[in-house]
Amino acid sequence: LQPVDLGTMTAEVLEREGNSKAELKADVPKGLHVRAEPALLGRSVGNLVRNAIRYAGEGGPITVSARREGDRVLLTVSDHGPGLPPEILSRIFDPFYRPEPDRGRDTGGVGLGLAIVQSCVEACQGSVTSQNRALGGLEFTISLPAAD
């Protein structure tokens with residue numbers, strides 16, 4: 001693990017994943033660093049942003065934000081889409097799990113993306129959670145050790 005500048009990493013992910021379908025925003029304080037493996041963290045955040053674009057891209061901005069809380073940094077990817085039924089939230093990190101409405105071949109994927117996110121984040125000594133936002137949409141929060 002090594003120090004990763006979240007502002008730089010977030011900008012790179014948003015540039016790589018951005019498209020005309022969604023408005024992407026970053027709210028990451030300058031100089032905020034975490035201890036992580038850069039490629040794994042970038043892959044994780046990229047996957048969360050791609051999912052937000054796919055399922056909520058036209059519902060409003062997708063925001064990647066970060067803040068420090070004690071010796072941890074919380075990195076959040078949030079959208080303004082439809083969210084998920086509460087009973088599904090507890091299973092979305094399970095390998096091969098896909099919510100019933102999204103099982104069609106036209107959406108692609110086999111249900112491994114969020115399991116990979118969780119595995120990558122855990123390899124960085126972090127954790128990832130999801131919840132529906134009070135005003136609509138879905139929010140993923142990655143907790144990682146601060147780099148100082």
Side-chain angles (χ1 to χ4, degrees), residues 1-19 21-57 59-99 102 107-148:
L1 303 181
Q2 63 191 52
V4 176
D5 182 315
L6 287 183
T8 301
M9 188 271 312
T10 298
E12 290 170 357
V13 167
L14 295 183
E15 182 176 331
R16 182 181 71 231
E17 302 299 337
N19 66 29
K21 181 180 176 183
E23 177 186 358
L24 304 177
K25 292 184 175 183
D27 183 15
V28 178
K30 199 169 200 164
L32 186 59
H33 291 77
V34 295
R35 289 202 49 78
E37 201 293 315
L40 295 179
L41 182 57
R43 176 179 291 168
S44 297
V45 175
N47 184 294
L48 295 176
V49 169
R50 272 192 311 280
N51 281 351
I53 290 169
R54 179 181 294 150
Y55 298 110
I62 295 164
T63 304
V64 179
S65 60
R67 69 183 187 282
R68 183 163 180 159
E69 286 193 0
D71 63 349
R72 306 292 287 179
V73 172
L74 303 180
L75 178 69
T76 303
V77 177
S78 59
D79 65 50
H80 291 81
L84 289 170
E87 64 274 9
I88 290 175
L89 284 174
S90 65
R91 299 193 56 210
I92 61 173
F93 294 105
D94 294 347
F96 304 109
Y97 179 76
R98 294 189 64 190
D102 295 324
T107 62
V110 294
L112 285 175
L114 292 176
I116 291 170
V117 167
Q118 184 175 45
S119 178
C120 288
V121 169
E122 288 175 353
C124 294
Q125 299 178 349
S127 62
V128 59
T129 59
S130 64
Q131 66 181 12
N132 285 313
R133 300 176 65 231
L135 299 175
L138 191 58
E139 178 176 274
F140 287 87
T141 301
I142 296 172
S143 173
L144 293 164
D148 56 3

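In what follows, every heavy atom counts, from backbone to side chain, and hydrogens, waters and symmetry copies are set aside.
- No donor-acceptor distance shorter than 3.5 angstrom exists from the side chain of H80 to the backbone of G137, with no hydrogens or angles considered.
- Judged as a salt bridge (Lys or Arg N to Asp or Glu O under 4.0 Å), not a single pair has a partner in residues 122-134 (not counting sequence neighbours).
- One distance of note links CZ of R72 with OG of S127; it measures 6.0 Å at 0.5 Å rounding.
- Partners of R16 by side chain to side chain donor-acceptor pair (under 3.5 Å), not counting sequence neighbours: none found.
- For R50, the side chain to side chain donor-acceptor pair (under 3.5 Å) partners at least two apart in sequence or on another chain are E17.
- At least one side-chain heavy atom of L89 sits under 4.5 Å from a side-chain heavy atom of L138.
- With sequence neighbours left out, Q2 forms a side chain to side chain donor-acceptor pair (under 3.5 Å) with no residue at all.
- Of all non-hydrogen atoms in R67 and T76, the two that sit nearest each other are NH1-OG1, 4.3 Å.
- Within the 4.5 Å cutoff, the side chain of D94 has no heavy atoms near those of the L114 side chain.
- Looking at L84 and Y55, their side chains never come closer than 4.5 Å, going by heavy atoms from C-beta outward.
- Qualifying side chain to side chain donor-acceptor pair (under 3.5 Å) partners for Q131, counting only residues two or more places apart in sequence or in other chains: E139.
- At a threshold of 4.5 Å between non-hydrogen side-chain atoms, the residues S44 and V128 do not count as touching.
- The two residues A66 and L75 come nearest to each other via the heavy atoms CB-CD1, 3.9 Å.
- Taking 4.5 Å as the limit, every side-chain heavy atom of D148 sits out of range of all side-chain heavy atoms of H33.
- Side-chain atoms of R35 never come within 3.5 Å of backbone atoms of P145 as a donor-acceptor pair (strictly under, hydrogens ignored).
- L41 has its side chain within reach of L144: a pair of non-hydrogen atoms, C-beta onward, lies under 4.5 Å apart.
- Residues N47 and G113 share a closest heavy-atom pair of ND2-CA, 3.4 Å.
- When all heavy atoms are compared, the tightest approach of G70 to R68 is O-NE, 2.7 Å.
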Stepwise, does the side chain to side chain contact (heavy atoms under 4.5 Å, CB included) test hold for F140 with I92? CA-CA 11 Å; F140 287 87; I92 61 173; 3.7 Å; yes
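- Of all non-hydrogen atoms in V28 and G7, the two that sit nearest each other are CG1-N, 3.6 Å.
- Screening residues 23-33 for salt bridge (Lys or Arg N to Asp or Glu O under 4.0 Å) gives E23-K25 as the qualifying pairs, with residues at least two apart or on separate chains.
- The minimum heavy-atom distance linking A22 with I62 is given by the pair CB-CD1, 3.9 Å.
- For the side chain to side chain contact (heavy atoms under 4.5 Å, CB included) criterion with L6, the lone passing option out of L32, V45, V64 is L32.
- Atoms CD and CG, on E15 and L24 in that order, are 11.5 Å from each other to the nearest 0.5 Å.
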